[in-house]
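Structure record follows, encoded as structure tokens.
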Amino acid sequence: MRILATNDDGILADGLWELVRELKNTAEVVVVAPDREQSATGTAVTLRQPLRVQKVIPRLPGIETYSVEGTPADSVILALSKIIKPKVDLVISGINPGPNLGDDVLISGTVGAALQGYLRGLPALAVSVDVGTSRSLSAAARLAALLAQKIETNILPANIFLNVNLPDLPTTEIKGISFTRLASKSHINTVEEGHDGRREYYWLVRQKINDKIADRKTDIWAIENGNISITALYTDLSNRPALPLSDGFCSDLLRQLQSC
Ligand code: MN
């Protein structure tokens, strides 16, 4: 099996290389990742400037490694369409030292990178740990390798996009593995104001919500209660089921628009 390993923390990040260290035991791994920290860049792609790629010396010998002067999504798009030949069978993004849960997946560069693999018809995993300890990173790497094996042997379907998060516990104390759905909210977004001596500035702040989540089917509940959370993600963001609106809503709306 050939695997593209990438991340949003940059080509030198420990989490990425812990992942590679584990995967290379059972697979052929190619690394293509941003040249610097790109956390919280979500699904961003670079369309208005050229992208430079450099073949670099890997942190582990024998691993073909490229750094990209772009976003995590850029890295995967370039990897799959230009850099890597022959083609890979799986994309794994991570391991992110910090959770990507609930609505966080919408800004996560870790998830944004994996998404580009999924959009190109490959199975894709985004892997994060609650706390980036070496214990958590190595457990997450082992889990990623096991999931890769299950994809290779068709135990998991090939058209799959999984968001995986691990709690900060020794593996023997992990309570279970839950297939979850995303919790609706993980953070409160606020804006702080300051003054740098010359000008005012604003600083976007994301604070973790401390209220306990009650819904046991969600990813945040799973992590907070000592479980590994695996959420199957889909690219269809449509509201399901559709809004409960009357039959006449659209025709009324159009009539109002036309009479404006
Ligand atoms: Mn990150």
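These figures come from a predicted structure and were not determined experimentally. We count ligands from 1, going down the list as the structure has it; atoms in each ligand are counted the same way.
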Verify the distance criterion only: is there a donor paired with an acceptor across the side chains of D168 and S136 at less than 3.5 Å? yes
Applying side-chain hydrogen bond (donor to acceptor under 3.5 Å, both in side chains), name anything that partners N189, two or more places apart in sequence or on another chain. R206
For A114 versus L125, what's the shortest heavy-atom pair and its separation? CB-O, 3.7 Å
Does R181 pair with D215 as a salt bridge, N-O distance under 4.0 Å? yes
Before accepting this row, confirm whether a basic side-chain N of the pair R2/E28 lies closer than 4.0 Å to the acidic partner's carboxylate O. yes
Have a look around the Mn ion (ligand 1) and list protein N/O/S atoms under 2.8 Å, or say none. D8 OD1, D9 OD1, S39 OG, N96 OD1
Cluster question for you: counting only ILVMFWY and a side-chain heavy-atom cut-off of under 4.5 Å, with indirect links fine, are F179 and L182 together? no
